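Here is the structure we will look at.
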Amino acid sequence: MSSSSPFYIKSSPMTVRVNGIVGRLARLGLGFAGSAELSVPGRKSGKMQRIPVNPHTCEGEQYLVSARGHSQWVRNMRVAGGGELRAGRKARVFTAVELPDEEKLPILRTYLEKWGWEVKQYFAGVTAASSDEEILAIAPDHPVFRITVTN
């Protein structure tokens, strides 16, 4: 990847298989620690793409954080402007607005407090205990969307 390419850590074949299982479990209502299955239309195909995510609440607002960076679901979300989160029979349709880097600090810090054990390998040594400057330095690598449920 060239230095001008956006940060993105592609899933390994094993991670793709595990994500498929985790997504199916979330769809059945067996998500772990609040995980859900995200469905967002593909930006080229229009076909719904599914991936497990960790919806995150900070200061009363809901967010989706991309630990792996500028992934396919992020690129699709930018075009679609929303999607659906499913946990069991509960499906929540939402709109999404991407946050600018300077607004990400409290969301990334609290996300790392809750999910750091699972996603730490994607944050270049930055943790919830890191300084504001360290978290802001990695903010461009981790897209964050504020989601608003519409149904």
Side-chain angles (χ1 to χ4, degrees), residues 1 3-11 15-16 19-20 22-23 25-27 29 31-124 126-151:
M1 174 165 40
S3 60
S4 64
S5 297
F7 175 81
Y8 172 51
I9 299 176
K10 188 174 178 172
S11 297
T15 300
V16 170
N19 279 348
V22 171
L25 290 173
R27 215 175 15 237
F32 180 73
S35 64
E37 183 181 65
L38 168 66
S39 295
V40 63
R43 63 193 179 281
K44 295 177 185 173
S45 70
K47 180 180 174 189
M48 292 303 273
Q49 305 296 310
R50 296 178 176 168
I51 186 163
V53 293
N54 299 323
H56 181 63
T57 302
C58 179
E59 299 175 3
E61 301 275 355
Q62 282 245 292
Y63 298 91
L64 293 176
V65 175
S66 180
R68 293 178 179 273
H70 298 265
S71 63
Q72 296 303 315
W73 77 258
V74 166
R75 296 169 193 198
N76 291 337
M77 185 73 68
R78 287 175 176 148
V79 172
E84 178 185 88
L85 287 173
R86 179 172 293 280
R89 294 181 182 191
K90 185 177 181 180
R92 298 177 291 159
V93 176
F94 65 88
T95 59
V97 175
E98 188 168 4
L99 298 185
D101 295 337
E102 60 272 10
E103 293 181 20
K104 295 178 184 178
L105 177 62
I107 294 97
L108 290 175
R109 185 176 302 284
T110 57
Y111 179 82
L112 288 168
E113 285 171 359
K114 182 169 183 178
W115 298 103
W117 62 272
E118 181 183 355
V119 299
K120 63 185 172 195
Q121 68 270 27
Y122 308 123
F123 283 84
V126 172
T127 70
S130 295
S131 70
D132 290 356
E133 293 76 21
E134 291 169 315
I135 293 175
L136 287 170
I138 56 95
D141 293 339
H142 301 282
V144 175
F145 294 87
R146 180 183 302 110
I147 63 172
T148 303
V149 175
T150 59
N151 70 338

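Keep in mind that what you see is a predicted model, and the values were worked out from it rather than measured.
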Kindly check if the number of other-residue, nucleotide or ligand heavy atoms within 6.0 Å of CD (Glu102) is above 12?
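More than 12 within 6.0 Å, yes.
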Nearest 0.5 Å, what's the [atom1]-[atom2] distance between [X] and [Y]?
X      : Y      : atom1 : atom2 : result
Ile147 : Thr95  : CD1   : OG1   : 8.5 Å
Lys90  : Asn151 : NZ    : CG    : 9.5 Å
Ile51  : Leu38  : CD1   : CG    : 7.5 Å
Ile138 : Glu133 : CD1   : CD    : 13.0 Å
Gln121 : Phe123 : CD    : CZ    : 9.5 Å
Ser66  : Arg75  : OG    : CZ    : 9.5 Å

Which atoms form the tightest heavy-atom contact between [X] and [Y], and what is the distance?
X      : Y      : answer
Asp101 : Ala139 : OD1-O, 3.7 Å
Leu112 : Ala128 : CB-N, 3.8 Å
Gly69  : Val74  : O-CG2, 3.6 Å
Ser39  : Met48  : CB-CE, 3.5 Å
Arg109 : Ala129 : NH1-C, 4.2 Å

Would you call Glu98 and Arg78 a salt bridge, taking side-chain N to carboxylate O under 4.0 Å as the test?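 Arg78 and Glu98: salt-bridged.
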Note to self: I'd like to know if Glu84 and Arg86 make a salt bridge, using a cut-off of under 4.0 Å between side-chain N and carboxylate O.
What the structure shows: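 Salt bridge between Glu84 and Arg86, a charged N being under 4.0 Å from a carboxylate O: yes.
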Under 3.5 Å, is there a donor-acceptor pair between the side chain of [X] and the main chain of [Y]?
X      : Y      : value
Ser130 : Thr127 : yes
Thr110 : Ile107 : yes
Lys47  : Gly42  : no
Asn76  : Gly81  : no
Arg146 : Tyr63  : no
Thr150 : Val93  : yes
Trp73  : His70  : no

### Message
Could you walk me through whether Ser131 and Glu134 satisfy the side chain to side chain donor-acceptor pair (under 3.5 Å) test, starting with their C-alpha distance in whole Å, then the side-chain angles of each, then the deciding distance to 0.1 Å, before giving a yes or no?
### Response
CA-CA 5 Å; Ser131 70; Glu134 291 169 315; 3.3 Å; yes
Pairwise side-chain contact, [X] with [Y], heavy-atom cut-off 4.5 Å (strictly under):
X     : Y      : answer
Glu37 : Pro52  : no
Ser35 : Val53  : no
Met77 : Leu64  : yes
Glu59 : Pro106 : yes
Val79 : Val40  : no
Val65 : Leu108 : yes

Check your understanding: Between Tyr111 and His142, is the gap from one ring center to the other below 6.0 Å?
Key ->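 Aromatic pair excluded; centres sit 6.0 Å or further apart.
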